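Just below is one structure, and these are the notes that go with it.
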2 protein chains.
Amino acid sequence: MSHLKEIYEAYLACLNAQDWKLLPEYVSEQVVHNDRYLGISGYVEMLKGNYHDIPDLRFESKLIVSDGDFVAARLYFDCTPKGEFLNLAINGRKVKFSENVIYQFRDEMIVQIWSVVDKAAIEIQLLM
Amino acid sequence: MSHLKEIYEAYLACLNAQDWKLLPEYVSEQVVHNDRYLGISGYVEMLKGNYHDIPDLRFESKLIVSDGDFVAARLYFDCTPKGEFLNLAINGRKVKFSENVIYQFRDEMIVQIWSVVDKAAIEIQLLM
């Protein structure tokens with residue numbers, strides 16, 4: 001396993017532990033998310049918001065692809081958003097969905113994140 | 001550049017040329033798309049459907065990550081769906097969006113595709 005894959009798995013464990021004090025070990029102070037500057041404080045706020053909206057949120061990687069300074073992952077979620085999520089009224093239903101996400105590292109820290117959540121997959125479940 | 005990256009770029013060129021006869025050079029007869037068996041004939045039907053719905057469709061890679069038998073890419077689209085796309089009424093508006101996609105290769109052929117299109121990004125543009 002490449003070194004960045006190990007670091008990435010430790011980063012996911014940090015998210016799942018909601019250990020925000022440890023996050024600066026993995027995420028650059030200047031982190032950019034989907035081409036928008038967040039900085040680590042903005043990124044932590046976003047993550048805290050995710051956990052507020054989805055108390056049983058858990059990041060699980062199905063596949064990790066590592067190449068030079070880049071890591072790509074397919075993440076899998078099986079969780080219960082309390083109210084709205086992605087502008088969809090989930091209201092405590094259990095939903096399963098994936099996220100394909102690519103990270104750029106510099107000096108073993110995440111500096112850019114490009115994330116796409118499979119909203120269409122959630123919409124189909126809400127119709128059932 | 002790794003060999004699979006070169007093959008992947010040739011595959012994208014094949015899509016952009018709509019050269020369906022060449023596609024079996026890149027895609028396995030048994031290809032699976034988002035965990036659903038399509039087979040190459042089903043995959044070609046899907047692609048032809050995409051071009052029917054989006055006549056100016058063009059696949060452009062912003063980032064390609066390659067690792068062993070896997071390729072991950074961030075694709076960028078700037079196009080004009082005629083009617084509905086992803087259950088959204090686009091009706092000839094110009095939209096820009098990304099797709100994060102991961103491919104598994106076997107013997108230099110694509111055998112699995114996990115794709116997520118950024119539907120939320122399109123929805124925002126439709127509100128503007």
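What you see is a predicted model, and the numbers here were worked out from it, not measured in a lab. Here is how names work: the chains are called A, B, and so on, in the same order as the sequence lines, proteins then strands, and each is numbered from 1.
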- Message: Side-chain heavy atoms nearer than 4.5 Å, only ILVMFWY residues, links allowed to pass through others: does that put Met46(B) and Val101(B) together?
- Response: yes
- Minimal heavy-atom distance between Met109(A) and Val27(A), with the atoms involved, is CE-O, 3.6 Å
- Query: Side chains of Asn100(A) and Trp114(A): do they bring a donor and an acceptor to under 3.5 Å?
  - Reply: no
- Does the distance from a Lys or Arg side-chain N to an Asp or Glu carboxylate O, for Arg58(A) and Asp78(A), drop under 4.0 Å? no
- Side chain, backbone, both or neither of Ala73(A) within contact of chain B (heavy atoms, under 4.5 Å): backbone
- Query: Under a 4.5 Å heavy-atom cutoff, which of Val116(B), Ile102(B), Leu63(B), Val71(B) has the most pairs with chain A?
  - Reply: Val116(B)
- Side chain, backbone, both or neither: which part of Glu123(B) has a non-hydrogen atom closer than 4.5 Å to chain A? side chain
